[in-house]
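These numbers come from a predicted model, not from an experiment. Chain identifiers are assigned alphabetically (A, B, ...) following the order of the sequence lines, protein sequences preceding nucleic acid strands; residue numbering begins at 1 within each chain.
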Protein chains: 2
Amino acid sequence: MHKEIEILDAFIRSKGLRRTPQRKKILSVFLSTEKHVSTQELHRLVRKKFRNIGYTTVYRTIRILLQSGLCREIDIGDGTSRYEHHYNHRHHDHLICIKCNRLIEVMDPRIERMQEKMAKERGFRPTAHRLEIFGLCRECI
Amino acid sequence: MHKEIEILDAFIRSKGLRRTPQRKKILSVFLSTEKHVSTQELHRLVRKKFRNIGYTTVYRTIRILLQSGLCREIDIGDGTSRYEHHYNHRHHDHLICIKCNRLIEVMDPRIERMQEKMAKERGFRPTAHRLEIFGLCRECI
DNA sequence: GTATTATTGAAAACGATTTTCAATAATTAA
DNA sequence: TTAATTATTGAAAATCGTTTTCAATAATAC
Ligand SMILES: [Zn+2]
Ligand SMILES: [Zn+2]
Ligand SMILES: [Zn+2]
Ligand SMILES: [Zn+2]
């Protein structure tokens, strides 16, 4: 939390924005869950701990967390964006169970390297990627 | 077009649906473009050639093309689904240029195999996947 | 031809996201 | 500390792609 608050404050200062209790509270709740939350879910969690924080403020704070590198957006293809920790969290991809919606985080450096190589061979300079594998998890097979 | 119309008709028969001129026209326009079109874009193309075909009919026909395996849905993460040919088109992934929005189709069997292997090693039974690599294309670097 | 039932298309509903705006609060300068 | 400045808040409304509704129409079966 310490380091993350510092990053947020640095970002806020660098953009001429303002430190507010809401932003600090929303960040603390975001960091307190390891789930991949939507803005609505995050708002619900925030309301549990702190009253009177509006959905719009949560939405806008997530934008700031994205820009400051504290948060990563995930799109599992159901029309709702989800968000997870990004600072100090390694890049990873997701296995998504089509039955129970479980998200399993995976990372294989060999696959990552091959993706990068394939893109470069085609004259493309990759900056980011997203790999999602859909199927059935161990419990749902 | 021949083969695809047959597939559509077979699907329609198998589900107790009805052959309509709209469905045939929409399929023919869909097949006539190699772009990755949204429903709106496809509707615009359809209207150019055939008047009086409503957006909803295009939307619903795309659903049927998806179910019958003639069409594949692509999600490049901008909130709008796009659709491309699926029949007789190999599975592939996409390089997406973040500057000019160009979509480059790519396929590397080694990467595909490694993805499958990685998922299975984690007790997961993969049924589909989506890989998108974002970056700059040759022209935009 | 008639009866049955799917299809069409305009309009409305939907749901997530984004914007608006007046009141409020954080920061800066006096 | 106070006043001035300007970003922030949050409820409500707007937006936008998608999906449903429903009455009129058209495809199929008999
Ligand atoms: Zn599962
Ligand atoms: Zn994750
Ligand atoms: Zn480009
Ligand atoms: Zn493609």
Exercise. Does B:Ile12 or B:Tyr59 map to a spot on DNA chain D nearer the 5' end, using the closest nucleotide for each?
Worked result: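 The residue whose closest nucleotide sits nearer the 5' end is B:Tyr59.
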Problem set entry | First of B:Thr20 and B:Gln40 reached from the 5' end of DNA chain D, by closest nucleotide |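 On the 5' side of the pair lies B:Gln40.
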Exercise. According to the interplanar angle, ranging from 0 to 90°, do the rings of B:His89 and B:His85 count as parallel (below 30°), tilted (30 to 60°) or perpendicular (above 60°)?
Worked result: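 Because their plane-to-plane angle is over 60°, the rings of B:His89 and B:His85 count as perpendicular.
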For this session: Check the angle between the aromatic planes of A:His92 and A:His94 and answer parallel, tilted or perpendicular using the 30° and 60° thresholds.
Result: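 Aromatic pair A:His92/A:His94 classed perpendicular.
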Could you tell me the separation between the [atom1] atom of [X] and the [atom2] atom of [N], rounded to a whole number of Å?
X	N	atom1	atom2	value
A:Asp78	D:dT19	CG	P	11 Å
B:Leu66	D:dT19	CG	P	10 Å
B:Arg60	D:dT19	CZ	P	12 Å

Exercise. If you look at every heavy atom in A:Phe134 and B:Phe124, which pair is closest and at what distance?
Worked result: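 Result for this residue pair: C-CE2, 3.7 Å.
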Exercise. Looking only at heavy atoms, what is the nearest atom pair of B:Gly123 and A:Ile141, with distance?
Worked result: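 Shortest heavy-atom separation between B:Gly123 and A:Ile141 comes out as O-CD1, 3.7 Å.
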Should we count [atom1] of [X] as having more than 12 external heavy atoms under 6.0 Å?
X	atom1	result
B:Arg19	CZ	no
A:Asn52	CG	no
B:Arg125	CZ	no

Exercise. Does any non-hydrogen side-chain atom of B:Asp93 lie less than 4.5 Å from one of B:Glu112?
Worked result: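 In contact.
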Exercise. Are the side chains of A:Glu105 and A:His36 in touch, meaning some heavy atoms are under 4.5 Å apart?
Worked result: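 A side-chain contact under 4.5 Å exists here.
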Quick one: label [X] by what it contacts on the DNA or RNA (base, sugar-phosphate, nothing), any heavy atom closer than 4.0 Å.
X	result
B:Ser38	nothing
B:Thr80	sugar-phosphate
A:Arg63	sugar-phosphate
B:Arg19	sugar-phosphate

Exercise. DNA chain C: B:Gly16 or B:Arg51, which has the more 5' nearest nucleotide?
Worked result: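 The 5'-side residue here is B:Gly16.
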For this session: For the helix from C:dG1-D:dC30 to C:dA30-D:dT1, measure the angle between the helix axis at one end and the axis at the other, each built from five pairs, rounding to 10°.
Result: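 Taking five pairs per end, the axes differ by 30°.
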Exercise. Do A:Arg18 and D:dT6 share a donor-acceptor pair, side chain to base, under 3.5 Å?
Worked result: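 Such a pair exists between side chain and base.
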Exercise. Nucleotide range of DNA chain C contacted by chain A, 5' to 3', under 4.0 Å to a heavy atom?
Worked result: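 With heavy atoms of chain A under 4.0 Å away, the range is C:dA16 to C:dT27.
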